[in-house]
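Each remark here refers to the structure printed beneath this line.
The chains referred to below are lettered A, B, ... by the order of the sequence lines, with proteins before strands, and numbering in each begins at 1. Being a predicted model, the structure only gives us computed values, none of them experimental.
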Protein chains: 2
Amino acid sequence: MNSTRRFGPENSATRTLLLDATAQLMLDEGYAAVSTRRVAKIVGLTPALVHYYFRTTDDLLVALYRRTTEQNLERLKAAQNSPAPLTALWELSADAVRTSLTIEFMALANHRKAIKVEIARYAEFARGMQAHAVAQVLGDGMLATDFPPIGVTVLIAAVARSLVMEENVGIHGGHAEARAIVELLLRRAQPDHAPKLPPAPAS
Amino acid sequence: MNSTRRFGPENSATRTLLLDATAQLMLDEGYAAVSTRRVAKIVGLTPALVHYYFRTTDDLLVALYRRTTEQNLERLKAAQNSPAPLTALWELSADAVRTSLTIEFMALANHRKAIKVEIARYAEFARGMQAHAVAQVLGDGMLATDFPPIGVTVLIAAVARSLVMEENVGIHGGHAEARAIVELLLRRAQPDHAPKLPPAPAS
DNA sequence: GTCTATAGTTCGATAGAC
DNA sequence: GTCTATCGAACTATAGAC
């Protein structure tokens, strides 16, 4: 029950390197490629050291997920203050690297249940933040009746994520057209911030 | 080079059982849970038998992917002949089991490169079929200029897939609203097939 | 068609040396 | 803080018996 095992601190440079290597592995080869041995090899250290900083492999993955979501949350806050929050959310969600990592975690959730609860908890929280920003744009007139902000939020993130997922697999057909449609709709919903010609002289 | 190894025929009942078990494993525990041992155990046979029907584990996965896509293609053809192809595509893409398996394969593609090429090839083919059906609804007026059929096709499938992916992880916030928006838009795009009240008497 | 047996890998996790 | 050494488990793939 009580073992002699020791563990390292959370504010360690090596620990950070191990998390970086884990992210790289997930992106390059998928979550199933993550093992203490392979992570250690990337950093040039030994597998035992991974277990010094992370009790189990699950702990390593959860730690990476938390670090990733904290970074995502900061980006979200910045997007919230953008003059065109819908566009900001769209561009944030369409970021290939960041979103690819999120997708990998969502797939991992099916294999490692410890990840699953972590993801659901964060996602609902972030979604609330996003919806708040979207609501500021849509107002609460008839537009908001047909297009509730939380629904629009879900749709924007959903489309962006699927496009990233498809591109990762080498599917590109119709993507340019789909992006054009989304951007057209975003311009219509944010008329105040669409690019404009200078006002014509009064006649 | 030339080994004594033997292989079983493709039209074998056991082979079908092994593919079924593989699909079940992928759905229940993710692609990383698929191994010859676990697949064999589900069916109540030995790992060696899996290698009798499938040379490698990659071959097993590719075979399952092909079988799955063939079934999906048949559904697609049926949807094409629906009076409301947009809705049919939406409902087909929102099918949780079928789509969950597709998502699992897309994640797997990052880990097993043999799967990746297979997926891209099928997806582009299916997308063309879908776009053809969508084009019949949208016509080629101004609507089709702003909303090219292939783009609409991508968007419908993208939203559906992301919603399934989120629900698998336990994220539900905003889904009802998002679905309502999609269905509202589908009704608008397919006015001929929207549910109608009986015509009012001429006044 | 299905099995046993087995060689060779990779993995997670731990104790204890340095 | 990092390493060596190690146990036990799970995995792929193959040959050959039944």
From C-beta outward on B:Leu45, which listed nucleotide comes closest to its side chain: D:dA15, D:dT2, C:dC3?
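Side chain of B:Leu45 sits closest to C:dC3.
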Looking at the side chain of A:Arg38, which of C:dG1, D:dT2, C:dC11 is the nearest nucleotide?
C:dC11
Counting the benzene-type ring for Trp, do B:Phe105 and B:Tyr122 have ring centres under 6.0 Å apart?
no
[X] side chain near [N] phosphate (N/O to OP1/OP2, under 4.0 Å):
| X | N | value |
| --- | --- | --- |
| B:Thr57 | D:dC11 | no |
| B:Thr46 | C:dT2 | no |
| B:Ser3 | D:dA15 | yes |
| B:Ser35 | D:dC11 | yes |
| A:Thr14 | D:dT2 | yes |

Base, sugar-phosphate, or nothing for [X], non-hydrogen atoms under 4.0 angstrom?
| X | answer |
| --- | --- |
| B:Ser12 | nothing |
| A:Arg15 | nothing |
| A:Tyr53 | sugar-phosphate |

If you pin A:Pro47 and B:His51 to their nearest nucleotides in DNA chain D, which one's is more 5'?
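In this pair, the answer is A:Pro47.
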Mapping A:Gly8 and B:Thr36 to their closest nucleotides on DNA chain D, which lands nearer the 5' end?
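Between the two, 5'-proximity favours A:Gly8.
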What's the shortest heavy-atom distance between [X] and [Y], and which atoms?
| X | Y | result |
| --- | --- | --- |
| A:Val169 | B:Ala120 | O-CB, 3.8 Å |
| A:Asp58 | A:Ala114 | OD2-CB, 3.5 Å |
| B:Arg179 | B:Ala94 | NH1-CB, 4.4 Å |

A:Tyr52 OH to C:dA15 C1', in whole Å, measures 15 Å
At less than 3.5 Å, do the side-chain atoms of B:Arg6 and the base atoms of C:dT2 form a donor-acceptor pair?
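Between C:dT2 and B:Arg6, which were checked side chain against base, a qualifying N/O pair under 3.5 Å is present.
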